[in-house]
Protein chains: 2
Amino acid sequence: MFSVTQNKLAQAAKVLAHPARIAILDYISRQENCICNDLVDVIGLSQPTISQHLNEIKKIGLLKGTFEGKNLCYCINQERWEELQYSFNAFFSNINQNCC
Amino acid sequence: MFSVTQNKLAQAAKVLAHPARIAILDYISRQENCICNDLVDVIGLSQPTISQHLNEIKKIGLLKGTFEGKNLCYCINQERWEELQYSFNAFFSNINQNCC
DNA sequence: TATCTTTATCGTAATATTGCAATAATAAAT
DNA sequence: ATTTATTATTGCAATATTACGATAAAGATA
């Protein structure tokens, strides 16, 4: 019903559509290294809730690293990040100026 | 609980978090002049549904023009549009590169 | 092995979103 | 004044999201 581009952008926007996830991404993107276990304290939501939000962020590929057992250590997937930045920018750049 | 900036960005993202609203904005932004009455045919959702989506878009100030009676004629509010473009870009630009 | 720490999942209640038929409202056209 | 065209609102039903307590899982540590 909608184009692939439209669906993809909406899906990405959906992940950004909750302040907790913005805050999580803000925090991770400011860290020097991988992040592991302080999000619960930093954000102020329960651990299960943080886990759910992280999962949403993971699902669109915005995190990379290892997520298993003792090697759990992840950070922003920069390629995907830039891809989304480009997508949003492309969307916003497509505007007609001569109206109203 | 979250910062004003985080809440505002999440709120804007929420409006973009549905492909119908992306499609509506895509369409309006491609028009040469004000748009009034062809969205229902173009998008393919019922008129009440389109009206609801338009309302969401209006609420964050992305549309300008007149919305009353015979003078109904609106288009993208370019200032607000650019403001959001800037906000998203600022968010995406804030990323640490040395990790993983 | 037992315990501790950390993350994931389950179950569930509360809330929000989405879509549309029905209807109202508004103004233009006849 | 009626009809027509267009947009808004109401009233649901279906679905999705959100949050968190309880619990499980996995590995580290004693």
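Every chain is numbered from 1 and lettered A, B, ... according to where its sequence line falls, protein lines coming before strand lines.
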- Residue pairs meeting salt bridge (charged side-chain N to carboxylate O under 4.0 Å, His left out), one or both in residues 1-15 of chain A, sequence neighbours left out, come to none

- Query: Taking atom C1' of C:dT18 as reference, at what distance in whole Å does atom CD1 of B:I57 sit?
  - Reply: 14 Å

- Task: Using a cut-off of strictly less than 4.0 Å, decide whether A:K58 has a side-chain nitrogen or oxygen near OP1 or OP2 of C:dA8.
- Result: yes

- Message: Nearest to the B:H18 side chain among D:dG21, C:dG19, D:dA19, which nucleotide is it?
- Response: C:dG19

- Query: Would you say C:dT17 has OP1 or OP2 under 4.0 Å from some side-chain N or O of A:K14?
  - Reply: no

- Stepwise side-chain contact (heavy atoms from CB on, under 4.5 Å) test for B:L16 and B:L25: CA-CA 9 Å; B:L16 304 184; B:L25 287 165; 3.8 Å; yes

- Message: Please verify the inter-ring angle class for A:F91 with B:W81; under 30° counts as parallel, over 60° as perpendicular, anything in between as tilted.
- Response: tilted

- Does B:T49 have a side-chain nitrogen or oxygen under 4.0 Å from the phosphate oxygens OP1 or OP2 of C:dC20? yes

- Please state how far atom CD in A:E56 lies from atom P in C:dT9, giving the value in whole angstrom units. 12 Å

- Note on the structure: A:L45 atom CG is separated from D:dG21 atom C1', nearest whole Å, by 15 Å

- Tell me: CG of B:L39 to C1' of C:dC20, nearest whole Å? 17 Å

- Query: With a 4.0 Å cut-off on heavy atoms, is B:I50 in touch with a base, just the backbone sugar-phosphate, or nothing at all?
  - Reply: nothing

- Task: Check the distance between C:dT17's P and B:N55's CG and give it to me in whole angstrom.
- Result: 13 Å

- Message: Could you check whether any side-chain heavy atom of B:F92 comes within less than 4.5 Å of a side-chain heavy atom of A:N89, counting everything from C-beta outward?
- Response: no

- For atom CD1 of B:I43 and atom C1' of C:dG19, their distance in whole Å: 15 Å

- Item | Whole angstrom value for the distance that separates P of C:dT7 from CG of A:D38 | 8 Å

- Query: Mapping A:R21 and A:Q47 onto DNA chain D by nearest heavy atom, which one lands closer to the 5' end?
  - Reply: A:R21

- Item | Closest nucleotide among D:dC20, C:dA21, C:dG19 to the B:Q52 side chain | C:dG19

- Between A:E82 and A:Q78, does a side chain to side chain donor-acceptor pair (under 3.5 Å) hold up when you go through it step by step? CA-CA 6 Å; A:E82 285 170 2; A:Q78 199 186 328; 2.9 Å; yes

- For B:H53 and B:P48, take the nucleotide of DNA chain C holding the closest heavy atom to each; which residue's nucleotide lies nearer the 5' end? B:H53

- Item | Watson-Crick or G-U pairs under 3.5 Å in DNA chain D, rendered as dot-bracket with [ ] for crossing pairs and | for another strand | ||||||||||||||||||||||||||||||

- So which nucleotide from D:dT17, D:dA19, D:dA8 ends up closest to the side chain of B:S51? D:dA8

- Considering only heavy side-chain atoms of B:S46, the closest of D:dA22, C:dC20, D:dA19 is C:dC20

- Task: Assess whether side-chain contact (heavy atoms from CB on, under 4.5 Å) is satisfied between A:Q11 and A:V15, documenting all intermediate values.
- Result: CA-CA 7 Å; A:Q11 197 183 11; A:V15 173; 5.8 Å; no

- Message: With side-chain contact (heavy atoms from CB on, under 4.5 Å) as the criterion, how do B:H53 and B:L45 come out once you've worked through the C-alpha distance, each side chain's angles and the decisive distance to 0.1 Å?
- Response: CA-CA 10 Å; B:H53 282 305; B:L45 289 170; 4.3 Å; yes

- Query: Quick one: B:I35 CD1 to D:dT6 P, roughly how many Å, whole number?
  - Reply: 13 Å

- Query: Are any side-chain N or O atoms of B:R80 and backbone N or O atoms of B:I60, one a donor and one an acceptor, separated by less than 3.5 Å?
  - Reply: yes

